[in-house]
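First up is the structure itself, then whatever we jot down about it.
As the structure lists them, so they are numbered: ligands from 1, and atoms in each ligand from 1. Note that these values count all heavy atoms, side chains included, but never hydrogens, waters or copies made by symmetry.
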Amino acid sequence: MYNPKSLKAEEFISHEEILDTLAYADANKDNMELINSILAKAEERKGLSHREASVLLACEDEGVTERMYALAEQIKKDFYGNRIVMFAPLYLSNYCVNGCVYCPYHLKNKHIARKKLTQEEVRKEVIALQDMGHKRLAIEAGEHPVENPIEYILECIDTIYSIKHKNGAIRRVNVNIAATTVENYKKLHDAGIGTYILFQETYHKESYEKLHPTGPKHDYAYHTEAMDRAMEGGIDDVGLGVLFGLELYRYELAGLLMHAEHLEAVHGVGPHTISVPRLKRADDIDPDQFDNGISDDIFAKLCALIRISVPYTGMIVSTRESQAVREKVIRLGVSQISGASRTSVGGYTEEERPHDSEQFDVSDQRTLDEVVCWLMKMGYIPSFCTACYREGRTGDRFMSLCKSGQIQNCCHPNALITLKEFLEDYASEETRKIGEEMIAKELLTIPNEKVRGIASKYINEIVDGKRDFRF
Ligand code: SAM
């Protein structure tokens, strides 16, 4: 009954199709002829199907893994250049009616501090984030129809966009809240959100139901079909993700790619981003209680495979991962990372990192300035760009920009302009020095002469105090 065009969760994420895929992958994991033909197809940069990717995942040949890594790195360079987009999560409320067994916000956790930001507190958090240099946020909230109804989320979005503090501004608000109705997605769309993000957690229905024993999130079909409702509500950019550690990673990769194939088949555009969170220790959560944790090597292989399977989809790695792991996977195709994140409600206005209302332990605890400096030392341009969605380049319009190869004349100068803003307004001496050298060098690589000229002009005007230029 597998049908990528169906709107029914169990038909576009068919359990039987995943089992067949895994059996096919096992049967062919040493079939070098097939593996070489899959790699050759991936080299054409047109992506891979869930079956093809699953064969590569099952293959344990080190030479094949090396070829996959090299290709992932090359595809990243070709499509995304050396830019890494920066963002931070903003936790609005940890009130939640769900029973997710891996998340400390679950209803039965009676000792975690429950908090919900008032609009004044949202203001303070946003100012703290702006003062670090952030321009792009992902708002996060538990699911609670009384404490966090859609009106509350919309009010917070309004507040966030309205705050202008010094030269600060939040120019894109992505939203990570529980699955909701088409009507509510329309409201989020009208509020001007960027990407709607919803992690599937696991594509395995039976496990999903056990991991979400109570609350509205228990409904597998409602959760899995959320992206179709979001798109029906007018949201062009949606972000998928799996919480690795809950189920078998091979099952999840097949499910994730089938979900992407489904969105492409039905809406003509795949996911805007894919996130790859791994389960972390948290208040009353011990990751060792879950059997499916994955090693750093498997994690890297998954990142590389996602990059070559869906070349036009951004990939996000959060501060759940350590500096060392991030260093490894950024190379393999990650396009967006968070920096200086606090995963507690109200965490950005506290001097010390608070743990009482935290969602999970943060491995990478560096400041935004440190993360920016580290990226540049590795040769990456930290980008605070939010231009695409503000220029209406969402959904398939963004994908065509990506496919047209015009990114070097658009995203690249935008990255340099927004980096320049960061250097002027928020950077330390060291970061500033490295950044200025990077901008001078990278400006020369803008192919179009006219664009190069305009970008240089904008950069000079930023020194004179002007802000918010974009291509
Ligand atoms: N409550 C919303 C929902 O139901 O989708 C989303 C917001 S939640 C703050 C964001 C994500 O954090 C979840 O989708 C889950 O994948 C992840 N998460 C929950 N517990 C986690 C843990 N212990 N370690 C790492 N990530 C976790």
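At under 3.5 Å, a nitrogen or oxygen of Tyr102, whether backbone or side chain, sits near a nitrogen or oxygen of ligand 1. In terms of polar-atom proximity, defined here as any N/O pair under 3.5 Å, Ala141 does make such a contact with ligand 1. By the 3.5 Å distance cut-off applied to N or O atoms, Lys280 is counted among the residues near ligand 1.
Neither the backbone nor the side chain of Cys100 comes within 4.0 Å of ligand 1, counting heavy atoms alone. Within the 4.0 Å heavy-atom criterion, neither part of Pro277 lies near ligand 1.
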**Asked** Yes or no on side-chain contact (heavy atoms from CB on, under 4.5 Å) for Glu358 and Tyr91, after CA distance, side-chain angles and deciding distance?
**Response** CA-CA 9 Å; Glu358 235 181 3; Tyr91 281 74; over 6 Å; no

**Request:** Might you work through the salt bridge (charged side-chain N to carboxylate O under 4.0 Å, His left out) test for Lys280 and Asp286, ending with a clear yes or no?
**Result:** CA-CA 8 Å; Lys280 296 279 303 178; Asp286 176 3; over 6 Å; no

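For the residues Glu201, Glu358, Arg320, the heavy atom positioned nearest atom 25 (C) of ligand 1 is part of Arg320. For atom 27 (C) of ligand 1, the candidate residues are Val101, Asn176, Leu243; the nearest heavy-atom contact is made by Leu243.
Residue Leu198 approaches ligand 1 through these ligand atoms, each under 4.0 Å from one of its heavy atoms: 5 (O). The Lys217 neighbourhood of ligand 1 comprises atoms 3 (C), 4 (O), 5 (O), with distances under 4.0 Å to a heavy atom of that residue. Applying the 4.0 Å criterion to heavy atoms of Tyr91 picks out, from ligand 1, the atoms 9 (C).
Judged purely by distance below 3.5 Å, without hydrogens or angles, the side chains of Ser344 and Arg342 never pair a donor atom with an acceptor atom.
Note on residues 265-279: pairs passing side-chain hydrogen bond (donor to acceptor under 3.5 Å, both in side chains), not counting sequence neighbours, are Asp228-His267, Arg278-Asp296, Arg278-Glu321.
Scanning both residues, Thr202 and Glu252, for their nearest heavy atoms gives OG1-OE2, 2.7 Å.
Here the protein heavy atom with the shortest distance to atom 11 (C) of ligand 1 is Phe199 CD1, 3.8 Å. With hydrogens left out, the protein atom closest to atom 18 (N) of ligand 1 is Gln359 NE2, 3.6 Å, a heavy atom.
No cation-pi contact links Arg281 to Phe360, judged by a cut-off of 6.0 Å to the six-membered ring centre and 45° from its axis.
Between Leu92 and Tyr152 the shortest side-chain heavy-atom distance falls below 4.5 Å. Contact check for Leu137 versus Asn174: no side-chain heavy atoms found under the 4.5 Å cut-off.
Between Tyr251 and His15, the two ring planes are tilted [angle within 30° to 60°].
Residue contact check for ligand 1: Arg278 places a non-hydrogen atom closer than 4.0 Å to it.
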